[in-house]
Visitor: 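Let me give you the structure first, and then I'll get to my questions.
When a residue number appears, it is its place in the shown sequence, counting from 1.
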Amino acid sequence: MLQAHTAIPPEAPQPIREIRRFLHMHRALSIFVCRLKDFTLCRELYGTHVTEEIENLLVTALDAYAQANPALNARHALRIGSGEALLLRNLCPLGEDRLMDQAFSLKMSLQAALRKHTISSLGREFDIEVGFSVLHESPLTDKERALHEAIGDARRMTQGAVNLEAIKLSSVFRSIVRNGQIHVLFQPIYDFKKGTVLAWEALSRGPRGSEFESPALLFDFAEQTGQLFVLEQTCRAKAIETVGALAPGQRLFLNIHPRAVVDPTFAPGRTLELIQAYGLEPENIVFEITERHSIKDFSSFHKTLDHYRSQGFKVAVDDAGTGYSGLSTIAALQPDYIKVDMSLVRDIDKDPVRRALMETMVTLAGRIGSEIIAEGIETKGEAGALIEIGVHYGQGYFLSRPHFPKPETHLDIRDLVPLRQDALSRLSCSIPIGQLAQKTMTVSPRTPVQSVQRIFSTNPALTSVVVVEDGQPRGLVMGYSLDRHLATLYGRALYAEKPVSLLMDTEPMIADEREPVESVAKNANTREMLKAYDEVIVTRGGDFLGVVTVQKMLTTLAQVQVEMAKGTNPLTGIPGNVALEKEVEATLRKGRPFAMLYADLDHFKVFNDVYGFKDGDLVILLLGRILTWAIARHGSTGDFLAHIGGDDFVAMVSPERAERICQAVVRCFRRLIPRYYHPQDRERGWIQGKGRDGREQRFPLVSVSIGIVECSENIRGCSLQLLGEKAAQVKSYAKSLPGNVYVRDRRGHSCTAAQ
């Protein structure tokens with residue numbers, strides 16, 4: 001019997017070798033499967049001996065039909081199942097449009113050939129069903145595989161499982177795959193800490209305007225007809241061919257069915273050859289394995305996956321929590337990335353249960369060395385909540401729709417964080433981990449272990465040594481860990497002369513200097529127990545900057561909490577978020593009209609990067625003092641100023657005095673800010689630095705932008721959230737204008753005053 005999904009081996013029996021030769025001789029073939037209807041029932045009624053004789057008659061009739069029609073160059077092959085036989089035929093003489101006629105002719109011929117015997121022996125006539133399909137030109141190894149798929153199509157037609165419309169679709173589908181008529185869109189996956197693109201997910205579509213333009217129909221049809229693997233292979237190739245250049249550190253996510261990983265056509269390394277042909281490396285590729293399908297042979301799957309990981313490929317688990325194995329699959333695979341399904345992301349800013357589940361996923365990821373990607377983000381509130389929770393990456397229509405070619409894009413994280421947040425979380429954003437970094441001893445990976453031990457012994461207060469190469473941290477050596485290794489029976493003899501790279505922690509916790517203390521502390525707390533109190537390495541642009549102890553982070557957070565209890569920002573001493581919320585709510589209850597001013601600094605990130613956090617704090621203090629002065633001089637009794645974090649300030653003032661206050665702020669800030677620059681930068685009016693896209697360019701001096709929104713009419717319908725969103729929109733418009741500016745929202749008409 002011809003086994004489904006098995007290539008024809010060279011040592012196969014004579015009938016199968018004949019099929020191999022026939023496949024080799026002809027470019028395109030038509031396949032006919034002939035089936036004796038109700039054959040199983042008849043075998044039970046009349047016995048095996050009788051039905052076997054009828055099967056032999058069916059094969060003999062097929063032989064006779066082939067000999068009677070030499071122009072068709074037909075060959076009978078062999079039985080392919082109980083009461084089923086196969087006929088191969090050269091497609092060329094008739095073409096695909098005549099297959100239905102030919103199938104009907106074959107059906108009539110076979111029924112006529114069997115009629116006399118079946119009526120005489122059984123007293124009844126056997127009904128014969130004939131199904132057909134087409135095998136197009138392809139390499140021999142692929143053609144053997146395609147033969148089994150085509151037989152399956154023809155068999156389903158005989159069983160009534162495939163109607164004529166489905167046969168038409170199958171022909172269209174095979175044409176799409178054969179001709180590579182797949183177009184790929186690329187959707188960015190954003191880094192929620194940096195706002196840069198981590199990766200591009202390749203999303204395949206069928207030809208525009210065709211039945212298979214919808215990816216759901218394309219892949220569902222492929223799976224139902226047993227052609228999913230060949231479709232995925234075509235999609236992978238098209239994605240790699242069209243993705244173009246990737247920025248340093250970026251990756252390409254390729255969707256893969258779990259069973260495709262162990263498929264013979266996947267494993268030999270075609271993907272590796274293809275990516276290298278287009279200038280990519282395995283480190284650029286992430287195999288995204290959907291959890292919607294079970295993994296039947298987990299041992300084989302895991303072994304193959306380890307093989308690809310050893311080559312440098314990364315692994316992501318898609319639709320986490322919605323598939324067959326759920327968290328157990330994640331724990332077993334320990335993927336590099338866990339993609340959380342949109343069902344958990346939807347309305348996460350409003351649903352405490354979903355929020356708690358996501359927090360659990362983030363904790364789980366930290367403990368197994370994975371990172372979370374939230375899918376299907378559709379609102380600003382969802383994005384802001386995910387950032388607050390500590391989700392590492394995100395993708396969705398709200399952030400960016402799929403495109404071709406890949407767009408140059410960047411995410412302004414500050415615009416995603418809601419105005420109303422937990423006070424400590426918002427406040428901690430103004431305290432980057434870089435401010436706590438302290439210098440420590442560094443060595444190269446080749447430094448002997450005994451030399452590192454000598455460093456510790458001559459510096460009793462030293463708790464860690466960082467292993468650095470080419471300016472970048474490669475590992476961490478904690479004093480207690482080194483002592484533990486050397487204190488064993490043969491530890492000193494084994495390691496004393498060996499390079500420290502053998503004993504260092506090759507995966508220490510590393511944080512960029514701009515990450516908030518609270519976020520780093522949370523991640524540090526999720527580490528395995530043995531490393532719970534290891535120091536955190538801090539970098540600047542990837543280069544080693546210093547280390548921070550867990551105790552230092554906890555002390556800093558405790559101080560912040562004390563300041564928050566006082567209701568003030570620890571940097572400026574100005575009231576914070578909690579005080580602002582109370583003030584807004586009290587003013588709204590009284591029904592007193594007011595204007596909200598939302599002030600923010602332009603080009604501040606570049607200033608911070610070039611001049612450092614200490615000078616950056618001085619500029620924030622400058623803006624706070626100017627706002628305090630302007631409100632006291634030009635405002636009214638009861639006006640209120642809040643420092644809501646970082647370089648963001650919000651004021652509540654009398655509507656008629658709002659513009660006068662803003663004029664004073666922008667003029668005063670423009671006059672004083674040059675004093676915070678070096679003379680050469682001040683004279684030329686710009687500094688050189690890297691923007692959010694990572695490119696070096698010139699940036700003007702720091703300026704202030706202020707958005708003004710009024711809450712006077714229908715004041716009872718106002719809320720802090722609505723006011724905050726509207727003020728943020730007006731402020732964003734102000735930031736798009738050059739220099740120090742303020743913008744007032746006048747029922748859709750904005751008035752600007754640049755200074």
Visitor: Restricting to non-hydrogen atoms, name the atom on Val345 and the atom on Val340 that form the minimum distance, rounded to 0.1 Å.
Guide: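 That closest heavy-atom pairing would be CG2-O, 4.3 Å.
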
Visitor: Would you confirm whether Thr539, through its side chain, and Gly541, through its main-chain N or O, come within 3.5 Å as a donor-acceptor pair?
Guide: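 It does not hold such a pair.
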
Visitor: Taking the six-membered ring for Trp, are Tyr337 and Tyr393 parallel (under 30°), tilted (30 to 60°) or perpendicular (over 60°)?
Guide: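 It falls in the perpendicular class, over 60°.
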
Visitor: Nearest 0.5 Å, please: how far is CG in Asn608 from CZ in Arg514?
Guide: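 Going from the CZ atom of Arg514 to the CG atom of Asn608 covers 9.5 Å.
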
Visitor: Do side-chain atoms of Asp191 reach the backbone of Thr196 as a donor and acceptor pair under 3.5 angstrom?
Guide: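 Checked: no pair found.
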
Visitor: May I ask you to decide if Arg401's main-chain N or O and His403's side chain share a donor-acceptor pair within less than 3.5 Å?
Guide: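 It does hold such a pair.
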
Visitor: Indicate the atoms forming the closest heavy-atom contact of Asn740 with Val704, along with that distance.
Guide: OD1-N, 2.9 Å

Visitor: Are His678 and Tyr611, when compared by the centres of their aromatic rings, separated by less than 6.0 Å?
Guide: yes

Visitor: Can you see which heavy atom on Asp639 is nearest to which on Gly635, and at what distance?
Guide: OD2-CA, 3.2 Å

Visitor: Is the shortest side-chain N to carboxylate O distance from Lys193 to Asp512 below 4.0 Å?
Guide: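 Judged by the 4.0 Å cut-off on N to carboxylate O distance, Lys193 and Asp512 do not form a salt bridge.
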
Visitor: Backbone N or O of Ala356 within a donor-acceptor pair of the Thr360 side chain at under 3.5 Å?
Guide: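 Looks like yes, one N/O pair under 3.5 Å.
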
Visitor: Do Val536 and Met553 pass the side-chain contact (heavy atoms from CB on, under 4.5 Å) test, and can you show the C-alpha distance, the side-chain angles, and the key distance before you say yes or no?
Guide: CA-CA 10 Å; Val536 176; Met553 288 188 288; 4.0 Å; yes

Visitor: Are Met358 and Leu344 packed together at the side-chain level, in the sense that at least one heavy-atom pair is separated by less than 4.5 angstrom?
Guide: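 With C-beta onward as the side chain, the pair touches.
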
Visitor: When you compare the side chain of Phe186 with that of Val243, does any pair of heavy atoms fall below 4.5 Å?
Guide: yes

Visitor: Kindly check if the number of other-residue, nucleotide or ligand heavy atoms within 6.0 Å of CD (Glu683) is above 12?
Guide: no

Visitor: Kindly determine whether Gln729 and Val709 satisfy side-chain contact (heavy atoms from CB on, under 4.5 Å), including the steps that lead there.
Guide: CA-CA 10 Å; Gln729 293 171 3; Val709 293; over 6 Å; no

Visitor: What's the shortest heavy-atom distance between Leu601 and Phe669, and which atoms?
Guide: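 That closest heavy-atom pairing would be CD2-CZ, 3.5 Å.
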
Visitor: So, applying side chain to side chain contact (heavy atoms under 4.5 Å, CB included) with His643, which one of Leu623, Leu621, Asp648, Ile574 is it?
Guide: Ile574

Visitor: How far apart are the C-alpha atoms of Phe607 and Tyr677, what are their side-chain angles, what is the distance that settles it, and do they pass the ring-ring contact (aromatic ring centres under 6.0 Å, His included) test?
Guide: CA-CA 9 Å; Phe607 180 90; Tyr677 285 83; 5.2 Å; yes

Visitor: Determine, using ring centers only, whether Tyr598 and Phe649 are less than 6.0 Å apart.
Guide: no

Visitor: Hey, could you give me the CD/CG distance between Glu288 and Asp318, rounded to the nearest 0.5 Å?
Guide: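 CG of Asp318 is found 4.0 Å from CD of Glu288.
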
Visitor: Is Lys339 paired with Glu201 through a side-chain N to carboxylate O contact shorter than 4.0 Å?
Guide: yes

Visitor: Whether the side chain of Ser654 engages the backbone of Arg657 through a donor-acceptor N/O pair (distance < 3.5 Å, no angle test) should be reported.
Guide: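 Looks like no, no N/O pair under 3.5 Å.
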
Visitor: Donor-acceptor pair, Lys614 side chain versus Gln435 backbone, under 3.5 Å?
Guide: no

Visitor: Does the distance from a Lys or Arg side-chain N to an Asp or Glu carboxylate O, for Lys735 and Asp600, drop under 4.0 Å?
Guide: yes

Visitor: So Tyr190 and Ser400, do their side chains get closer than 4.5 Å, heavy atoms only?
Guide: yes

Visitor: Donor-acceptor pair, Arg251 side chain versus Val286 backbone, under 3.5 Å?
Guide: no

Visitor: How many angstroms lie between atom CD1 of Ile708 and atom SG of Cys662, to the nearest 0.5 angstrom?
Guide: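 The SG atom of Cys662 is 3.5 Å from CD1 of Ile708, to the nearest 0.5 Å.
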
Visitor: Could you grab the distance from atom CD1 of Ile537 to atom CD1 of Ile510, nearest 0.5 Å is fine?
Guide: 5.0 Å

Visitor: Nearest 0.5 Å, what's the CG-CD1 distance between Leu622 and Ile673?
Guide: 5.5 Å

Visitor: Tell me, with the steps shown, if Phe604 and Ile620 meet side-chain contact (heavy atoms from CB on, under 4.5 Å).
Guide: CA-CA 9 Å; Phe604 180 68; Ile620 293 174; 3.7 Å; yes

Visitor: Can you tell me if Asp615 uses its side chain to pair, donor with acceptor, with the backbone of Gly612 under 3.5 Å?
Guide: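 Judged by distance alone, no pair lies under 3.5 Å.
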
Visitor: Of the non-hydrogen atoms in Ala511 and Glu515, which two are nearest, and what is the gap between them?
Guide: CA-OE2, 3.6 Å

Visitor: Are there more than 12 heavy atoms of other residues, nucleotides or ligands under 6.0 Å from atom CD of Gln680?
Guide: yes

Visitor: Show me the side-chain donor-acceptor pairs of residues 347-354 shorter than 3.5 Å, one per line, residues at least two apart or across chains.
Guide:
| from | atom 1 | to | atom 2 | distance (Å) |
| --- | --- | --- | --- | --- |
| Asp351 | OD1 | Val353 | N | 2.9 |
| Asp351 | OD1 | Arg354 | N | 3.4 |
| Asp351 | OD2 | Arg354 | NH1 | 2.8 |
| Arg354 | NE | Ser343 | O | 3.0 |
| Arg354 | NE | Arg346 | O | 3.3 |

Visitor: Between the side chains of Trp200 and Gln250, does any donor sit under 3.5 Å from an acceptor?
Guide: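 The criterion, which ignores hydrogens and geometry beyond distance, is satisfied for Gln250 and Trp200.
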
Visitor: Is a side-chain donor or acceptor of Tyr742 paired with a backbone partner of Lys731 at a separation under 3.5 angstrom?
Guide: no

Visitor: Out of curiosity, Leu627 CG to Leu597 CG, how far, rounded to the nearest 0.5 Å?
Guide: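 These two atoms lie 8.0 Å from each other.
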
Visitor: Yes or no on side-chain contact (heavy atoms from CB on, under 4.5 Å) for Thr628 and Leu641, after CA distance, side-chain angles and deciding distance?
Guide: CA-CA 7 Å; Thr628 301; Leu641 174 65; 3.5 Å; yes

Visitor: Where do Ala642 and Leu580 come nearest, in terms of heavy atoms and distance?
Guide: CB-CB, 3.8 Å

Visitor: Taking only Lys NZ, Arg NE, NH1 and NH2, and the carboxylate oxygens of Asp or Glu, determine whether Glu513 and Arg540 approach each other closer than 4.0 Å.
Guide: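 Salt bridge present between Glu513 and Arg540.
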
